[in-house]
Amino acid sequence: MSTVNFVARICALLLGLALAAVPPGYPQEPEAPDGEQAAPVPVEQPLPYSHKTHVALGIQCRDCHAIADPGFAAGYPPEATCMACHASIKADSPHIQLLAKLNSEGAAVPWKRIYRVPDFVWFSHASHVEDAGVECETCHGPVAQREVLFQEKPTTMAACMECHARNNAPNDCDLCHDPG
Ligand code: HEC
Ligand code: HEC
Ligand code: HEC
Ligand code: HEC
Ligand code: HEC
């Protein structure tokens, strides 16, 4: 995103915030009533992929989510990684046949995104995982136990800032909002 776009966007957002009369500081998440938790919404994916099944086989998170340079994204595994096993395992399953077809066409499985921050937020997996040593589970929950993933940890500004404050990490606006 260009700097001009970014500045325009952030100004519009700040104006929106001011008009909505949000108190100084940062937007607060609405609190769930006591004892009630928002029901998890499992995300329906194009294939019934299970983290529980695959992590139990001994495959590490980073074998599939490589955090390739420049390190912003954890990323999704190339279909060829899957086919190393699925050329033979469950090859007669319609799901695996779809996977094999996409792989042979050089196409990616259209996975639905679960965790996503807006474009005007600067976030890097490498900074958190490699430099700061934060575990995947801290931000994504017990993925290895899940058949189906859903967003179980917030990616709100309040959640980012709360962890930064706890870890004596900086919380200046331009840390997360100025890519320059
Ligand atoms: C065999 C490859 C593989 C392994 C190992 C694996 N994943 Fe995944 N991961 C995937 C695939 C495929 C998806 C997309 C489907 C889905 O969301 O379930 C995914 C999705 C995710 C997502 C959701 C991404 C989004 O859309 O926001 C997170 C978070 C994640 N994985 C974390 C982990 C963690 C943490 C581990 C280790 C405990 C791990 N994964 C191990 C293949 C893998
Ligand atoms: C190390 C080998 C291995 C790799 C790599 C692997 N899988 Fe699997 N996968 C398995 C095994 C084992 C099963 C369970 C088979 C069974 O239920 O008998 C399985 C089951 C599945 C199933 C359920 C199939 C069905 O119809 O029951 C899907 C879908 C799947 N894998 C997708 C993937 C995807 C997508 C990837 C790449 C991100 C991947 N797998 C990578 C070994 C692997
Ligand atoms: C400090 C919190 C944090 C940690 C630690 C973290 N993630 Fe994420 N993850 C996020 C956020 C925030 C997003 C959304 C990023 C975006 O929209 O650009 C995300 C997105 C993802 C995605 C979706 C695709 C992508 O790359 O944007 C996957 C897959 C993922 N994370 C896997 C992992 C794995 C695997 C680990 C551990 C090796 C991990 N994450 C560690 C916060 C974290
Ligand atoms: C689990 C705690 C935790 C969460 C959640 C978290 N961070 Fe961080 N973040 C850290 C730590 C620790 C550092 C390292 C600070 C330092 O350099 O000492 C850091 C560093 C950063 C940096 C500076 C990176 C660099 O390379 O200079 C940015 C930008 C950042 N975080 C953005 C975010 C955003 C955006 C979110 C929310 C989507 C977020 N963080 C969520 C703990 C967290
Ligand atoms: C540690 C990272 C971090 C810091 C520091 C931070 N923000 Fe944010 N900010 C975010 C994230 C993440 C979002 C997106 C939240 C979401 O998607 O719900 C956001 C969203 C916003 C928005 C849009 C609000 C909305 O309702 O979507 C504005 C405006 C904003 N930030 C301004 C600021 C200002 C002003 C500061 C300094 C006081 C600041 N931010 C500091 C991470 C940060």
Side-chain angles (χ1 to χ4, degrees), residues 1 5-32 38 41-43 45-47 49-52 54-79 81-82 108-146 148-180:
M1 178 192 295
N5 266 343
F6 174 76
V7 169
R9 183 79 185 273
I10 208 77
C11 288
L13 285 163
L14 284 170
L15 181 64
L17 263 189
L19 292 176
V22 171
Y26 48 85
Q28 298 288 326
E29 277 294 277
E31 265 181 90
V41 185
V43 175
Q45 295 289 356
L47 296 175
Y49 172 81
S50 159
H51 275 82
K52 191 176 181 187
H54 290 85
V55 175
L57 296 171
I59 321 174
Q60 304 295 310
C61 308
R62 301 275 302 264
D63 293 340
C64 285
H65 303 290
I67 314 189
D69 281 345
F72 294 110
Y76 296 92
E79 285 59 34
T81 305
C82 316
V109 179
W111 302 115
K112 294 211 188 91
R113 283 293 296 258
I114 299 169
Y115 290 87
R116 173 79 100 183
V117 291
D119 286 349
F120 59 86
V121 175
W122 197 94
F123 178 82
S124 158
H125 273 91
S127 296
H128 288 89
V129 175
E130 281 156 19
D131 303 343
V134 185
E135 302 286 339
C136 313
E137 288 74 10
T138 308
C139 297
H140 295 301
V143 170
Q145 294 163 35
R146 299 283 179 247
V148 181
L149 298 191
F150 54 93
Q151 183 171 349
E152 49 190 309
K153 298 278 181 179
T155 56
T156 56
M157 181 160 130
C160 309
M161 291 182 88
E162 188 274 324
C163 185
H164 280 210
R166 223 175 339 109
N167 287 280
N168 297 317
N171 258 333
D172 314 284
C173 310
D174 64 359
L175 181 82
C176 302
H177 294 304
D178 184 2

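These numbers were taken from a predicted model, which means no experiment stands behind them. As the structure lists them, so they are numbered: ligands from 1, and atoms in each ligand from 1.
Under 4.0 Å from ligand 5, the heavy atoms of P118 that appear belong solely to its side chain. Of all the heavy atoms of R166, none lies under 4.0 Å from any atom of ligand 4, so neither backbone nor side chain is involved. Contacts between F120 and ligand 5, counted as non-hydrogen atom pairs separated by less than 4.0 Å, involve the side chain only.
Side-chain contact check for V117 versus W122: every heavy-atom pair is 4.5 Å or farther apart. Side chains of L175 and H164 form a contact here, defined as non-hydrogen atoms less than 4.5 Å apart. No side-chain heavy atom of H128 sits less than 4.5 Å from a side-chain heavy atom of C139. Counting heavy atoms from C-beta outward, K112 and Q45 have side chains that approach closer than 4.5 Å. Within the 4.5 Å cutoff, no side-chain heavy atoms of Y115 are placed close to those of P154. When side chains are defined from C-beta on, F123 does not count as touching C176, because their heavy atoms never get closer than 4.5 Å. Using a 4.5 Å heavy-atom threshold, the side chains of I67 and R62 count as touching. Here the side chains of V55 and V143 are not in contact, with every heavy-atom distance at 4.5 Å or above.
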Derivation and outcome, ring pair (Phe, Tyr, Trp, His ring centres under 6.0 Å), residues H125 and F72: CA-CA 5 Å; H125 273 91; F72 294 110; 9.8 Å; no
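Considering backbone and side-chain N/O of V117, one or more are found under 3.5 Å from N/O of ligand 3. Polar contact check, H164 against ligand 4: a nitrogen or oxygen pair lies under 3.5 Å apart. For the pair G75 and ligand 3, the shortest N or O to N or O distance falls below 3.5 Å. Residue contacts with ligand 3: H140 is placed with a nitrogen or oxygen under 3.5 Å of a nitrogen or oxygen of the ligand (distance criterion only).
Of all atoms in ligand 3, numbered sequentially from 1 with element shown, those under 4.0 Å from a heavy atom of H128 are 1 (C). Numbered from 1 in the order shown, with element, the atoms of ligand 4 that lie under 4.0 Å from a heavy atom of V121 read 35 (C). Close contacts between ligand 3 and H65 involve ligand atoms 29 (C), 35 (C) [criterion: under 4.0 Å to a heavy atom]. Numbered from 1 in the order shown, with element, the atoms of ligand 3 that lie under 4.0 Å from a heavy atom of A73 read 26 (O). In summary, the atoms of ligand 5 found under 4.0 Å from a heavy atom of C176, numbered by their order in the structure, are 1 (C), 2 (C), 3 (C), 4 (C), 5 (C), 42 (C), 43 (C). Near W122, meaning under 4.0 Å from one of its heavy atoms, ligand 4 places the atoms 24 (C), 29 (C), 32 (C), 35 (C). Ligand-side atoms of ligand 4 in range of T138: 1 (C), range being under 4.0 angstrom from any heavy atom. Listed by number with element, the atoms of ligand 4 under 4.0 angstrom from any heavy atom of S127 are 24 (C), 25 (C), 26 (O). Close approach of ligand 5 to C160 (heavy-atom distance below 4.0 Å) involves ligand atoms 1 (C), 2 (C), 12 (C). Ligand 3 places these atoms under 4.0 Å from at least one heavy atom of R62: 38 (C). Atom numbering of ligand 4 starts at 1 in the shown order; those under 4.0 Å from a heavy atom of V134 are 1 (C). Those atoms of ligand 5 with a heavy atom of T155 less than 4.0 angstrom away are 12 (C). For ligand 4, the atoms lying closer than 4.0 Å to a non-hydrogen atom of C163 are 1 (C), 2 (C), 3 (C), 4 (C), 5 (C), 42 (C), 43 (C). Annotation for ligand 4: atoms under 4.0 Å from non-hydrogen atoms of A132 are 11 (C), 12 (C), 13 (C), 14 (C).
Using a cutoff of 4.0 Å between basic side-chain nitrogens and carboxylate oxygens, E137 and K153 are not scored as salt-bridged.
Residue N171 holds its CG atom at 10.0 Å from CD of E162, rounded to the nearest 0.5 Å. Atom CG of D131 sits about 7.0 Å away from atom OG of S124, to the nearest 0.5 Å. Atom-to-atom distance recorded for I114:CD1 and T155:OG1 is 12.0 Å, nearest 0.5 angstrom. Note that CD of E152 is 4.0 Å distant from CZ of R146, once rounded to the nearest 0.5 Å. Rounding to the nearest 0.5 Å gives a distance of 11.0 Å between CG of D178 and CG of D172.
Atom 7 (N) of ligand 4 lies below 4.0 Å from at least one non-hydrogen atom of the protein. Of the protein's heavy atoms, none falls inside 4.0 Å of atom 17 (O) of ligand 4. Within the 4.0 Å cut-off (strictly below), a protein heavy atom is located near atom 39 (C) of ligand 4.
For D174, the heavy-atom gap to ligand 5 stays at 4.0 angstrom or more. Proximity of S124 to ligand 4 is not established, as no heavy-atom distance is less than 4.0 Å. For N171, the closest heavy-atom approach to ligand 5 falls below 4.0 Å.
In terms of protein heavy-atom proximity, atom 42 (C) of ligand 3 is closest to F123 CZ, 3.3 Å. Looking at atom 27 (O) of ligand 3, its nearest protein heavy atom turns out to be R113 NH2, 3.1 Å. Protein heavy atom nearest atom 37 (C) of ligand 3, with residue, atom name and distance: C136 SG, 1.8 Å. For atom 22 (C) of ligand 4, the nearest non-hydrogen atom of the protein is L175 CD2, 3.9 Å. Here the protein heavy atom with the shortest distance to atom 13 (C) of ligand 3 is Y115 CB, 3.9 Å.
In this structure a side-chain-to-backbone donor-acceptor pair under 3.5 Å is present from E79 to V109. Looking at N167, its side chain does come within 3.5 Å of a backbone N or O of C163 through a donor-acceptor pair. Between the side chain of H65 and the main chain of G75, a donor-acceptor pair closer than 3.5 Å is present.
The ring of H54 has its center closer than 6.0 angstrom to the ring center of Y49.
Taking 2.8 Å as the threshold, M161 does not count as a candidate ligand of atom 8 (Fe) of ligand 5, since none of its N, O or S atoms lies below it.
Considering only non-hydrogen atoms, atom 31 (N) of ligand 3 lies nearest to H125 out of H125, K153, E137. Scanning E162, M157, R116 for the heavy atom closest to atom 15 (C) of ligand 5 points to M157. The heavy atom nearest to atom 30 (C) of ligand 3, considering only C139, A74, A66, is found in A74.
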